[in-house]
Amino acid sequence: MDLSKEVFQRERTLKDLKDFLLAQKSVLLSIPSLWPVQGRITSSYGEVRLSPSSGGTRPHMELISRSLGNPDRCPADGVVLSAGREALYGLLICVDHGHGFTTMFGHLKEIRVKPGDRVKSGQTLGTVGTSGNTTGPHLHYEVRTFGQPVNPFTYLTQTS
């Protein structure tokens, strides 16, 4: 093989490797790994809890107890899908992080983003509240992959 062909093939291989690494970086940046608030876990993923309004039981997602008004942070870069009032969760924000990852933040006191906003990891989305069907200030935090609820602990690794 002559030198020019070998140089061409190596350039092609390096370009392919660069493209692969950039795609992997994009996937890694979409993983919701940042804790949205610091606080005590009051209910683990999938735990069945009594509903304060109906008196019945229902499965629950992650609850992180925190003082009223403390900031809820975005766990990864993304785009706000929705931000508004919902009956069960009160003030609710949904963020699409790409690659099938979405997160939900419920029972907020206030919302600081709007649908379509591009948000960064660590950015304040809203504040901990008591809106919707709740017994006290906390964040209802939910992670979904391709629309299915998953255990947030699988992804949470960073605290700041």
Side-chain angles (χ1 to χ4, degrees), residues 20-54 56-160:
F20 172 77
L21 291 173
L22 287 173
Q24 293 304 305
K25 179 181 178 183
S26 175
V27 171
L28 289 173
L29 290 174
S30 71
I31 296 172
S33 60
L34 184 70
W35 281 79
V37 294
Q38 297 299 309
R40 185 172 59 91
I41 303 299
T42 57
S43 176
S44 294
Y45 172 79
E47 185 176 316
V48 176
R49 295 184 43 137
L50 270 176
S51 170
S53 61
S54 70
T57 60
R58 61 186 172 95
H60 227 270
M61 299 302 158
E62 206 65 34
L63 296 178
I64 303 170
S65 179
R66 191 66 178 184
S67 299
L68 189 66
N70 281 334
D72 295 323
R73 299 178 305 151
C74 194
D77 293 355
V79 177
V80 177
L81 293 174
S82 62
R85 186 165 296 279
E86 193 273 342
L88 187 61
Y89 298 108
L91 294 180
L92 177 72
I93 298 170
C94 296
V95 177
D96 181 356
H97 303 283
H99 301 282
F101 290 102
T102 56
T103 51
M104 295 171 49
F105 307 81
H107 305 305
L108 303 176
K109 178 180 179 185
E110 68 175 319
I111 293 175
R112 297 183 181 175
V113 293
K114 61 187 181 312
D117 283 357
R118 291 196 177 280
V119 290
K120 293 298 217 178
S121 181
Q123 179 179 335
T124 298
L125 303 174
T127 58
V128 173
T130 58
S131 63
N133 189 3
T134 180
T135 58
H138 69 275
L139 171 66
H140 173 96
Y141 178 64
E142 194 169 316
V143 174
R144 292 177 178 245
T145 56
F146 299 101
Q148 297 300 310
V150 295
N151 188 344
F153 279 120
T154 305
Y155 304 105
L156 295 171
T157 59
Q158 302 176 32
T159 57
S160 59

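A quick note: this is a predicted structure, and the numbers were derived from the prediction, not measured.
Rounding to the nearest 0.5 angstrom, the gap separating the OH atom in Tyr89 from the CD atom in Glu142 is 5.0 Å. Here CG of Leu29 is found 6.0 Å from CG of Asp77. Values are rounded to the nearest 0.5 Å. A distance of 5.5 Å separates CZ of Phe105 from SG of Cys74, quoted to the nearest 0.5 Å. How far OG1 of Thr124 is from CZ of Arg112: 6.0 Å, rounded to the nearest 0.5 Å. With rounding to the nearest 0.5 angstrom, the OG atom of Ser131 is 11.0 Å from the CD atom of Glu110.
For Thr103 and His97, the side-chain atoms include at least one donor-acceptor pair closer than 3.5 Å. Residues His99 and Ser26 have side chains that bring a donor and an acceptor to within less than 3.5 angstrom of each other.
Closest non-hydrogen pair, Ser30 versus Ala76, comes out as O-CB, 3.9 Å. Across Pro75 and Leu34, no two heavy atoms sit closer than the pair CB-O, 3.1 Å. Residues Arg85 and Leu91 approach most closely at NH2-CD2, 3.7 Å, considering heavy atoms. Here the shortest heavy-atom pairing between Cys94 and Met104 reads SG-CG, 3.6 Å.
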Quiz item: Where do Trp35 and Tyr155 land on the ring-ring contact (aromatic ring centres under 6.0 Å, His included) test, with the steps shown first?
Solution: CA-CA 9 Å; Trp35 281 79; Tyr155 304 105; over 10 Å; no
Self-check item: Pair Leu108-Leu139, side-chain contact (heavy atoms from CB on, under 4.5 Å): steps then yes or no
Solution: CA-CA 7 Å; Leu108 303 176; Leu139 171 66; 4.0 Å; yes
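Lys109 has its side chain out of reach of Thr130: every pair of non-hydrogen atoms, C-beta onward, lies at least 4.5 Å apart. Between Phe101 and Ile31, some side-chain heavy-atom pair lies under the 4.5 Å cut-off. Looking at Val119 and Leu125, their side chains come closer than 4.5 Å, going by heavy atoms from C-beta outward. Looking at heavy atoms from C-beta onward, Val95 lies out of side-chain contact with Val79 at the 4.5 angstrom threshold.
For the pair Asn151 (side chain) and Phe153 (backbone), a donor-acceptor distance under 3.5 Å is present. For the pair Gln24 (side chain) and Leu21 (backbone), a donor-acceptor distance under 3.5 Å is absent. Although no hydrogens or angles enter the test, the distance criterion places no donor-acceptor pair under 3.5 Å between the side chain of Asn70 and the main chain of Val128. Checked by atom type and distance alone, the side chain of Thr134 never pairs as donor or acceptor with a backbone atom of His107 at under 3.5 Å. The closest donor-acceptor contact from the side chain of His140 to the backbone of His138 lies at 3.5 Å or more, if one exists at all.
Between Tyr141 and the choices Asp72, Leu156, Val37, the side chain to side chain contact (heavy atoms under 4.5 Å, CB included) rule is met once, by Leu156.
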